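One structure is given below, encoded as structure tokens.
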Amino acid sequence: MAADTLIEEPDAVQATAEWSQEAIAQCVATVVRSRRATRAFKAQPLGREIVEEILADAAHAPSGANIQPWRVYVVSGAAKNELTDVLVAASRAGTAPAPEHFPEPLPDTYRARLMDFGARYYASLGIERHDTPARTRQTERNYAFFGAPVGLIFSIDRRLKAHSWIDLGLFAQSVMIAAKARGIDTCPQVAFAQFHEPIAAHLRMSPEEVTAFGMSMGYGDPEAEVNQARMPRERVQDFARLLGFAA
């Protein structure tokens, strides 16, 4: 594997050298800005080879001292369906710990964004705020990877500290960008985190691993209303302070 990488990398560098820097920047910007959290997928399958290519690209994500703390379990076909059955059963049994995605109380700025997301998301699905059965059904679609042909479960060694979790996030972002560059859509999903115990047992994770999140991957359905919902982004001047630049 290492020898193959050494052979392939110079070709990639040479190809890049033939493009203008402006063209490269535009290409990257287009891919990054077109990535969306996709929650409805076509039945079109996704082959193992292209998934491996995406992961091989993502493996070049940076990590502190190059420890590369990420681990990912990729499921498709019967393996994906079996995991979905396990998760739906666990969800309906009500035995999983409560989600701890955000602190309570959540600071006002973030709570406002969370509420805005919920309003946009459920409106795109035609689900009313107090329609608990419909919301529950939609939540369970998380565990079926929203109908995507491929599901990924990301884990990390629980003994590592917060900086290594940043590395895992960088890897996951690289997965999504490498996928989108190939016309493949994704959706990162923290909903899997609370089901670590059944996931770990089913996938036979080592005792040191903990489930961080999951991800759906496939070809998004552009006709689905949920995929047309747009989430606003803050302006650069609202979240960044740029110091020391010439006027």
Side-chain angles (χ1 to χ4, degrees), residues 27-58 61 70 72-77 79-81 83-84 87-88 91 99 101 113-127 134-155 168-195 199 211-234:
C27 178
V28 172
T30 298
V31 172
V32 171
R33 290 171 181 259
S34 63
R35 184 212 60 81
R36 296 282 188 272
T38 299
R39 294 181 174 88
F41 291 83
K42 297 178 181 178
Q44 184 176 349
L46 195 60
R48 173 172 177 159
E49 182 178 349
I50 195 167
V51 174
E52 289 183 334
E53 288 177 0
I54 290 168
L55 294 176
D57 285 350
W70 44 79
V72 59
Y73 296 80
V74 186
V75 293
S76 185
K80 181 176 70 74
N81 295 336
L83 179 58
T84 291
L87 293 170
V88 170
S91 177
H101 310 330
R113 292 175 187 164
L114 177 64
M115 297 298 290
D116 178 71
F117 164 80
R120 292 170 184 267
Y121 176 48
Y122 287 110
S124 72
L125 294 163
I127 298 176
R135 288 189 173 223
T136 298
R137 288 192 296 271
Q138 183 60 26
T139 295
E140 288 188 352
R141 285 186 54 76
N142 272 280
Y143 316 136
F145 298 94
F146 295 116
V150 172
L152 301 91
I153 298 294
F154 294 79
S155 71
L168 176 60
L170 293 170
F171 173 72
Q173 174 74 350
S174 296
V175 169
M176 292 186 285
I177 296 305
K180 190 61 183 176
R182 293 169 168 82
I184 297 167
D185 298 297
T186 54
C187 182
Q189 298 157 253
V190 73
F192 291 93
Q194 71 187 104
F195 296 100
I199 290 174
T211 300
F213 51 87
M215 184 181 293
S216 300
M217 180 181 288
Y219 296 98
D221 179 1
E223 302 301 320
E225 290 291 334
V226 70
N227 289 339
Q228 297 177 29
R230 291 294 177 260
M231 300 299 166
R233 291 294 192 263
E234 294 296 303

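As the structure is a computational prediction, the values presented were derived from the model and not from experiment. Residue numbers run from 1 in the order of the sequence given.
A pairwise comparison of heavy atoms in Ala193 and Ala212 identifies CB-O, 3.6 Å as the closest pair. The nearest pair of heavy atoms linking Ala40 to Val226 is CB-CG1, 3.9 Å. Listed here is the closest heavy atom pair of Met217 and Val175: CE-CG1, 3.7 Å. Scanning all heavy atoms of the two residues, the minimum distance from Asp116 to Arg120 falls at OD2-NE, 2.8 Å. Between Ser124 and Tyr121 the shortest heavy-atom distance is OG-O, 2.5 Å. Pairing each heavy atom of Ser155 with each of Tyr73, the nearest pair is OG-CE1, 3.8 Å.
One distance of note links CD of Gln138 with CG of Leu125; it measures 4.5 Å at 0.5 Å rounding. Arg35 contributes atom CZ, which lies 9.5 Å from atom NZ of Lys180 (distance to the nearest 0.5 angstrom). Rounding to the nearest 0.5 Å gives a distance of 5.0 Å between CD1 of Ile199 and CG of Leu87. With values rounded to the nearest 0.5 angstrom, Arg141 atom CZ is found 10.5 Å from Thr84 atom OG1. One finds the CG atom of Asp221 at 11.5 Å from the CD atom of Gln44 (value rounded to the nearest 0.5 Å). With values rounded to the nearest 0.5 angstrom, Asp185 atom CG is found 6.0 Å from Phe41 atom CZ.
Residue-environment remark: CZ (Arg182) exceeds the threshold of 12 foreign heavy atoms within 6.0 Å. Taking a 6.0 Å sphere around CE of Met231, one finds it holds more than 12 heavy atoms contributed by other residues, nucleotides or ligands. Under a cut-off of 6.0 angstrom, the local environment of CZ in Arg33 is sparse, with at most 12 non-hydrogen atoms contributed by other residues, nucleotides or ligands.
Side-chain contact between Val75 and Ile153 is absent, with no heavy atoms from C-beta onward closer than 4.5 Å. Between Arg36 and Arg230, the closest side-chain pair of non-hydrogen atoms falls below 4.5 Å.
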Donor-acceptor list for residues 142-152 side chains, cut-off 3.5 Å, not counting sequence neighbours:
residue, atom, partner, partner atom, Å
Asn142, OD1, Gln189, NE2, 3.3
Asn142, ND2, Thr139, O, 3.2

